There are 2 protein chains.
Amino acid sequence: MKIQQAATLSELPVKTVRYYDEIELVSPDRQDNGYRFYSDKDIEKLRFLGRARSLGFSLEDCRQLLSLYEDKNRASSEVKSIAESKILEIEAKLIELQSLRDTLTKLADSCSGDERPDCPILEGLAGN
Amino acid sequence: MKIQQAATLSELPVKTVRYYDEIELVSPDRQDNGYRFYSDKDIEKLRFLGRARSLGFSLEDCRQLLSLYEDKNRASSEVKSIAESKILEIEAKLIELQSLRDTLTKLADSCSGDERPDCPILEGLAGN
DNA sequence: TCTTGACCTTCCAGTTACTGGAGAGATTAT
DNA sequence: ATAATCTCTCCAGTAACTGGAAGGTCAAGA
């Protein structure tokens, strides 16, 4: 499929999709007319990139994560160690996100009564 | 306290702390010699910024979130609606992070037996 | 007192990850 | 046939830092 459909399916701007080709993160085949031609697998990679980027992973992180699924010659033990270190990062992010959510929930609840403490829980926001 | 201690306590680079002053996100008082002087409250804001940025919120998101805790004249109902929309964003991120973690866990597990499927779960990676 | 070294300042240039727009060719719709 | 809508590349600009130069401040030691 052409770039616009790829962008639609992956929920990314066309510009961004083109950029990911430029930096060789997702490099589609080309048609005879020079148009990029995206496969279903390319779309999956793009969708993955959209998710991982919105979760605060850098493009280099993403490149590493994608490579886990691509490089068939890589030793399993290496794949495992990269995956495990990423899992640790993700679990740290999960904890922070949960605490951020709890803090905001408290704040929203305190608004229900339409009475809000002077400076509600900035301490909470700053983390434990 | 001076900028280096602020950076240490907030676990941010000095450069970044200075940058947040420049864009008026966290603007400390100045001492007579021109040095920035950070209060405990400034540190809390910086710590919050470090967390929120690593979770994929833009600086403008952060500015909005910080303003929830600052603008005492804002109507409670408005605070509540901003907080609630941010909570929705956070919960979406939580779900994606969990699914990413599960995918990587499966991958790491499949490596244990030192035998990995040809193209393991790229579909899972691309999200449901 | 002088000076060394670790701090602080501003300013300017470079990086990452886009984002917008110009200019030109290809394709599709009427 | 022609207008609208793609697509391409290239170049410039933005967001959020990041590094380095040039210079001011300050506490400790010779």
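Every chain is numbered from 1 and lettered A, B, ... according to where its sequence line falls, protein lines coming before strand lines. Small disclaimer: the values here were computed from a predicted structure and weren't measured.
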Checklist line | Test salt bridge (charged side-chain N to carboxylate O under 4.0 Å, His left out) applied to A:Lys86 - qualifying residues, sequence neighbours left out | finding: A:Asp61, A:Glu89
Notebook entry, point to check: On DNA chain C, which is the earliest and which the latest nucleotide, 5' to 3', with an atom closer than 4.0 Å to a heavy atom of chain A?
Noted result: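 Listing 5' to 3', DNA chain C meets chain A from C:dA17 to C:dT27.
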Margin query: Check whether A:Phe57 forms a cation-pi arrangement with A:Lys93 (NZ or CZ under 6.0 Å from the six-membered ring centre, at most 45° off the ring normal).
Written below: yes
Taking side chain to side chain contact (heavy atoms under 4.5 Å, CB included) as the test, write out the residues that go with [X], two or more places apart.
X: B:Lys2; result: B:Gln31, B:Tyr35
X: B:Ile95; result: none
X: B:Arg101; result: A:Ile87, A:Ile90, A:Glu91, A:Leu94, B:Gln98, B:Thr105
X: B:Glu11; result: B:Arg47

Item checked: Residues that A:Ser39 engages under side-chain hydrogen bond (donor to acceptor under 3.5 Å, both in side chains), provided they are two or more places apart ->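 With neighbours one apart ignored, the set is A:Asp42.
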Item checked: side-chain hydrogen bond (donor to acceptor under 3.5 Å, both in side chains) involving B:Arg18 - partner list, sequence neighbours excluded ->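 side-chain hydrogen bond (donor to acceptor under 3.5 Å, both in side chains) list for B:Arg18, sorted by chain: empty.
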Next item on the list: Establish, from distance only, whether the side-chain atoms of B:Ser99 and A:Arg51 form a donor-acceptor pair under 3.5 Å.
Entry: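 Present: a donor and an acceptor within the cut-off.
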Next item on the list: Flag yes if A:Ile43 and A:Phe37 sit in one hydrophobic cluster, no otherwise; membership is Ile, Leu, Val, Met, Phe, Trp, Tyr, and two members link when side-chain heavy atoms are under 4.5 Å apart.
Entry: no
Next item on the list: Identify, residue by residue, the members of residues 55-63 of chain B with a heavy atom below 4.0 Å from DNA chain C, and return them in order of residue number, or none.
Entry: none
Under 3.5 Å, which N/O atoms of the protein pair with N/O atoms of nucleotides 6-9 of chain D?
unit_1 : atom_1 : unit_2  : atom_2 : d
D:dC6  : OP1    : A:Gln4  : OE1    : 3.0
D:dT7  : OP1    : A:Gln4  : N      : 3.2
D:dC8  : OP1    : A:Arg36 : N      : 2.8
D:dC8  : OP1    : A:Arg36 : NH1    : 2.8
D:dC8  : OP2    : A:Arg18 : NE     : 3.1
D:dC8  : OP2    : A:Arg18 : NH2    : 3.0
D:dC8  : OP2    : A:Arg36 : NH1    : 3.2
D:dC8  : O5'    : A:Arg36 : NH1    : 3.3
D:dT9  : OP1    : A:Arg30 : NH1    : 3.3
D:dT9  : OP1    : A:Arg30 : NH2    : 3.3
D:dT9  : OP2    : A:Arg36 : NH1    : 3.2
D:dT9  : OP2    : A:Arg36 : NH2    : 2.7

Check: If we fit an axis to the first five pairs and another to the last five of the helix from C:dA17-D:dT14 to C:dT30-D:dA1, what angle do they make, to the nearest 10°?
Finding: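 Axis angle across the helix from C:dA17-D:dT14 to C:dT30-D:dA1, nearest 10°: 20°.
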Margin query: Once salt bridge (charged side-chain N to carboxylate O under 4.0 Å, His left out) is applied, what residue pairs with a partner in residues 22-31 of chain A remain, sequence neighbours excluded?
Written below: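 The answer is A:Asp21-A:Arg30.
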Margin query: Please report the distance, rounded to the nearest Å, between CD1 in B:Ile23 and P in D:dC17.
Written below: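 About 7 Å, once rounded to whole Å.
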Next item on the list: Measure across A:Arg53 and A:Ser58 and return the closest heavy-atom pair with its distance rounded to 0.1 Å.
Entry: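 Closest pair (atom of A:Arg53, atom of A:Ser58, distance): NH1-CA, 3.6 Å.
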